[in-house]
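Heads up, the thing below is written out as structure tokens.
To find a chain, count down the sequence lines: A is the first, B the second, and so on, and within it residues start at 1. Computed from heavy atoms alone, side chains included, the values below leave out hydrogens, waters and symmetry copies.
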2 protein chains.
Amino acid sequence: MATRTAAERRAEARTEFDAYMASCPARRLLDGISDKWVSLLVNALADGPRRYSDLSRRVAGVSQKMLTQTLRNLERDGLVERTVTPSVPVRVDYALTPLGASLLPLMRAVKTWAEEHIPEVDRARERYDAARMGPDRR
Amino acid sequence: MATRTAAERRAEARTEFDAYMASCPARRLLDGISDKWVSLLVNALADGPRRYSDLSRRVAGVSQKMLTQTLRNLERDGLVERTVTPSVPVRVDYALTPLGASLLPLMRAVKTWAEEHIPEVDRARERYDAARMGPDRR
DNA sequence: CCGTATCCTATCCGATACTG
DNA sequence: CAGTATCGGATAGGATACGG
């Protein structure tokens, strides 16, 4: 904990940059929200509060561990609010806070962009791969 | 290679979901662009073509390896075009393609959001951490 | 139902050394 | 200048088992 990480040491060696600085707080936040589970979960909460089990079903492929971990981070960052209802089996709901809601349009736009442009990207990949395999057959 | 990965097996077991499916191609693309280096590099190419060394300086903290790797993936996906000028030391420029340019506004919006809301997030974190450490001093 | 705890593996990624 | 190759430590993340 006392010793700096490699990334921090390298960042300090290049203090002439600011917005793109590795140690810049905004940069760390950007790292945090540039996460596939974050974008999927924020999108999954678009239509209102959802239960934990609901989310685990909606976001297919997420493990219990990553679901809980990502929700905890979002809660800590103030993007998501966690509400516990102490019923007979306990019930937990997650909802976007106003702050989280302000991020939603962006996450939704990115998700939509991916859905709309995947055919174009697939064609680009085929072209790229064909160009490297075809000509010289290395 | 013949055996499916754990993620694929789990995805197949839950075929009732589509947009959030783990095996959905759009989902994989979303995973790919939900990457900190991608968002930073696309933003760094906002104002036009940049040389390799230029990018490595602008995006502080990126290693040669990750810079090359990310640029290659972006090129393969058709988001970035690589131009080699065979001068005396060779010169390589990277530029956004029209497809990449269509993603730029979104990446820029996310970066801007992070820069604008980091104080609010920091306050939320302090509140969260204080609530867990203060009351019972576990 | 909603987690937490543990183990263990795959991959990320930085450091370093070398090439056209 | 613009890479490629390789190594090894750190970390992400899945599987499993257990607890409130």
Any side-chain heavy atom of [X] sitting closer than 4.5 Å to one from [Y]?
X         : Y         : value
Leu79(B)  : Leu103(B) : yes
His117(B) : Leu99(A)  : yes
Val84(B)  : Val90(B)  : yes

Return the value, rounded to whole Å, for the distance between atom [atom1] of [X] and atom [atom2] of [N].
X        : N       : atom1 : atom2 : result
Gln69(A) : dT6(C)  : CD    : P     : 15 Å
Asp31(A) : dC12(C) : CG    : P     : 16 Å
Leu67(B) : dG14(C) : CG    : P     : 11 Å
Leu71(B) : dT4(D)  : CG    : P     : 10 Å
Asp54(A) : dG3(C)  : CG    : P     : 13 Å
Asp93(A) : dC2(C)  : CG    : C1'   : 12 Å
Tyr52(B) : dG20(C) : OH    : P     : 17 Å
Lys65(B) : dA2(D)  : NZ    : C1'   : 17 Å

Just to confirm, is there a sub-4.0 Å distance from OP1 or OP2 of [N] to any side-chain nitrogen or oxygen of [X]?
X        : N       : answer
Arg82(B) : dA2(D)  : no
Arg51(A) : dC1(C)  : no
Ser63(A) : dG13(D) : no
Arg91(B) : dA2(D)  : no

Of the nucleotides [options], which has the atom closest to the [X] side chain?
X        : options                  : answer
Trp37(A) : dG13(D), dT4(C), dC13(C) : dG13(D)
Pro89(A) : dC1(C), dG3(C), dA15(C)  : dC1(C)
Met66(B) : dC1(C), dT16(D), dC13(C) : dC13(C)
Thr68(B) : dA2(D), dC2(C), dG3(D)   : dG3(D)
Gln64(B) : dT4(C), dC13(C), dA17(C) : dA17(C)

Requested in this report: Check for a donor-acceptor pair, side chain of Ser34(B) on one end and backbone N or O of Asp31(B) on the other, with a separation under 3.5 Å.
Outcome: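 Between the backbone of Asp31(B) and the side chain of Ser34(B) there is no qualifying donor-acceptor contact (under 3.5 Å).
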
Query - Glu81(A), CD atom: more than 12 neighbouring heavy atoms under 6.0 Å - result: no

